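What follows is a short report on a single structure.
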Number of protein chains: 2
Amino acid sequence: MNKMHKEHNLTKNQKIIFDLIDKSSQPLKAYSILYNVQKKGIKAPLQVYRALDKLVEIGKIHKIESRNAFIACHNSSCQVAKATAFTICEICEKVTEISSTGLSKYLANFKDKDGMKYSKYNLEFFGLCKKCTLK
Amino acid sequence: MNKMHKEHNLTKNQKIIFDLIDKSSQPLKAYSILYNVQKKGIKAPLQVYRALDKLVEIGKIHKIESRNAFIACHNSSCQVAKATAFTICEICEKVTEISSTGLSKYLANFKDKDGMKYSKYNLEFFGLCKKCTLK
DNA sequence: TTACATAGTGTTATATTATAACAACTAAAA
DNA sequence: TTTTAGTTGTTATAATATAACACTATGTAA
Ligand SMILES: [Zn+2]
Ligand SMILES: [Zn+2]
Ligand SMILES: [Zn+2]
Ligand SMILES: [Zn+2]
């Protein structure tokens, strides 16, 4: 998984927390992570947040800002932690990372009124996933 | 201001809080709003959050998710609370709402892998504003 | 090797952001 | 008038995130 990512030798806590997020099918919240890793010796919020910060920084995970939750990056072409896009289902809360060359090119080239480029961005789409649409 | 918006007869608290946000040159955080309106009789966080929720719902303000802050909508063409885009300066924290027909059309028409459309979205660009670039 | 720098850890305490629950009030529709 | 939906005021509490400090591991350079 994430074969395209530069290998960052994760530390013990970083590895424990990344593995948990990576195995999860949906985004995890910091305190839910904490409860799940207490048996592995991680006892305090700060230990979790420090690992999360690092993992976000190196692009192994992303934060879903509107949900205060974290998801593993499974998008080998994403510009590590700099340009992220997701779809979020408002019913089942399923989150999927978008991997679209067209979208990322469009956004990376977007200029504001002053002609400024902002190559770092976060985009969150909301709506219904396929499953929930059929219900 | 916001002449294009449907008039929603704001209640007392909603008006107090909207006026404060509307006058501000930068996004305001909930508790900063609270401190600023205590002299007007709004004493509890819930009173602020309830007004904020309503104002977001009717599109008079937007939440900047990555900053947990609120900004008045000054974009007459934005699709009320459904499709928002901002630039955020990582140095001075200046936030500007983007009003680009091209961008909003592109995003409103974006389809994911399954061909699903998600007309509601929030996009936050990060980088340096003009001022901070020149420093 | 030693010294130093950099990054990570463990811990306690605290700050910040947000919601639950309930009683009371207001305005407008039926 | 009765009812309804929405808003208000209030207390308490939940959920999310950081400050500060002492200590430990690891790599690098003298
Ligand atoms: Zn990614
Ligand atoms: Zn769904
Ligand atoms: Zn707007
Ligand atoms: Zn700036």
Side-chain angles (χ1 to χ4, degrees), chain A residues 6-21 24 26-71 81 88 90 93 95 122 124, chain B residues 6-21 24 26-71 81 88 90 93 95 122 124:
Chain A
K6 180 176 183 310
E7 271 312 312
H8 288 271
N9 301 312
L10 301 184
T11 64
K12 187 173 120 273
N13 289 359
Q14 288 162 13
K15 189 156 183 6
I16 290 170
I17 286 168
F18 174 71
D19 286 345
L20 182 69
I21 297 173
S24 170
Q26 83 263 53
L28 297 179
K29 312 196 110 201
Y31 278 72
S32 139
I33 291 169
L34 177 57
Y35 300 139
N36 274 285
V37 296
Q38 280 181 328
K39 46 184 173 290
K40 302 208 171 174
I42 294 176
K43 291 172 188 161
L46 246 198
Q47 295 175 286
V48 173
Y49 280 103
R50 284 196 285 225
L52 289 174
D53 286 350
K54 189 66 186 181
L55 291 168
V56 165
E57 185 193 325
I58 64 180
K60 300 280 284 182
I61 65 172
H62 302 304
K63 181 173 185 180
I64 309 300
E65 293 287 356
S66 66
R67 300 296 187 262
N68 299 314
F70 300 85
I71 192 174
I88 303 173
E90 289 184 300
E93 291 291 323
V95 173
N122 180 56
E124 299 180 5
Chain B
K6 180 176 183 309
E7 271 311 314
H8 288 270
N9 301 312
L10 301 184
T11 63
K12 188 173 118 274
N13 288 359
Q14 288 161 12
K15 189 158 183 2
I16 291 169
I17 285 168
F18 174 71
D19 286 345
L20 182 69
I21 297 173
S24 170
Q26 82 263 53
L28 297 180
K29 311 196 113 201
Y31 278 73
S32 141
I33 292 170
L34 176 59
Y35 300 137
N36 275 285
V37 296
Q38 279 181 329
K39 47 185 174 287
K40 302 207 171 174
I42 294 177
K43 291 172 188 162
L46 244 199
Q47 295 174 286
V48 173
Y49 280 104
R50 284 197 284 225
L52 290 173
D53 286 348
K54 189 67 185 180
L55 291 167
V56 165
E57 185 193 324
I58 65 181
K60 300 280 283 180
I61 66 172
H62 302 303
K63 181 173 186 181
I64 310 299
E65 293 288 355
S66 67
R67 298 297 186 263
N68 299 314
F70 300 85
I71 191 174
I88 303 172
E90 289 184 299
E93 290 292 320
V95 173
N122 180 57
E124 299 179 4

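Not measured: the values here are computed from a predicted model. Letters go in sequence order (proteins before strands), and every chain restarts at 1.
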What's the [atom1]-[atom2] distance between [X] and [N], to the nearest Å?
{"X": "B/Lys43", "N": "D/dA12", "atom1": "NZ", "atom2": "P", "result": "15 Å"}
{"X": "B/Lys12", "N": "D/dG6", "atom1": "NZ", "atom2": "P", "result": "20 Å"}
{"X": "B/Asn13", "N": "D/dG6", "atom1": "CG", "atom2": "P", "result": "17 Å"}
{"X": "A/Arg67", "N": "D/dT16", "atom1": "CZ", "atom2": "C1'", "result": "16 Å"}

Could you tell me whether the phosphate oxygens of D/dA17, OP1 or OP2, come under 4.0 Å of any side-chain nitrogen or oxygen in A/Lys63?
->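 A/Lys63 to D/dA17 OP1/OP2: side-chain N or O found under 4.0 Å.
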Would you tell me if any nitrogen or oxygen in the side chain of B/Asn68 comes within less than 4.0 Å of OP1 or OP2 on D/dT16?
->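 Indeed not, no polar side-chain atom of B/Asn68 lies that close.
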Applying salt bridge (charged side-chain N to carboxylate O under 4.0 Å, His left out), name anything that partners A/Arg67, two or more places apart in sequence or on another chain.
-> A/Glu93
Go through the structure and list residues passing salt bridge (charged side-chain N to carboxylate O under 4.0 Å, His left out) with B/Asp53, not counting sequence neighbours.
->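 Expected list: none.
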Quick check for you: to the nearest 0.5 Å, what is the distance between [X] atom [atom1] and [Y] atom [atom2]?
{"X": "A/Ile71", "Y": "A/Lys60", "atom1": "CD1", "atom2": "NZ", "answer": "14.5 Å"}
{"X": "B/Gln26", "Y": "B/Leu28", "atom1": "CD", "atom2": "CG", "answer": "6.0 Å"}
{"X": "B/Gln47", "Y": "B/Ile16", "atom1": "CD", "atom2": "CD1", "answer": "9.5 Å"}

Of the non-hydrogen atoms in [X] and [Y], which two are nearest, and what is the gap between them?
{"X": "A/Leu10", "Y": "A/Ile58", "result": "CD2-CD1, 3.8 Å"}
{"X": "B/Phe18", "Y": "B/Ile61", "result": "CD1-CG2, 3.8 Å"}
{"X": "A/Val56", "Y": "A/Lys63", "result": "CG2-N, 4.4 Å"}
{"X": "B/Phe70", "Y": "B/Leu52", "result": "CE1-CD1, 3.6 Å"}

Listed by chain and number, what are the side chain to side chain contact (heavy atoms under 4.5 Å, CB included) partners of A/Ser66, not counting sequence neighbours?
->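 A/Ser66: side chain to side chain contact (heavy atoms under 4.5 Å, CB included) contacts with A/Ile64, A/Ile88, A/Glu124, A/Phe126, B/Glu65.
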Using the C1' atoms of the five pairs at each end, what is the angle between the end axes of the helix from C/dT1-D/dA30 to C/dA30-D/dT1, to 10°?
->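 About 30°, once rounded to a multiple of 10°.
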Pair up each side-chain donor or acceptor in residues 30-44 of chain B with any protein partner under 3.5 Å, not counting sequence neighbours, and list the distances.
| unit_1 | atom_1 | unit_2 | atom_2 | d |
| --- | --- | --- | --- | --- |
| B/Asn36 | ND2 | B/Ser32 | O | 2.8 |
| B/Lys39 | NZ | B/Asn36 | O | 3.0 |

Going by number, which of residues 45-53 of chain B have a non-hydrogen atom under 4.0 Å from DNA chain D?
-> B/Leu46, B/Gln47, B/Arg50
Start and end of the DNA chain C segment that chain B contacts, any atom under 4.0 Å from a heavy atom = C/dT17 to C/dA21
So which of residues 30-42 of chain A are in contact with DNA chain C, with a heavy-atom cut-off of under 4.0 Å?
->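 When residues 30-42 of chain A is checked for heavy atoms under 4.0 Å from DNA chain C, there are no hits whatsoever.
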Any donor-acceptor pair under 3.5 Å linking the side chain of B/Glu57 with the backbone of B/Lys54?
->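 No, because the side chain of B/Glu57 does not come within donor-acceptor range (under 3.5 Å) of the backbone of B/Lys54.
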Test side-chain hydrogen bond (donor to acceptor under 3.5 Å, both in side chains) applied to B/Lys12 - qualifying residues, sequence neighbours left out =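 None.
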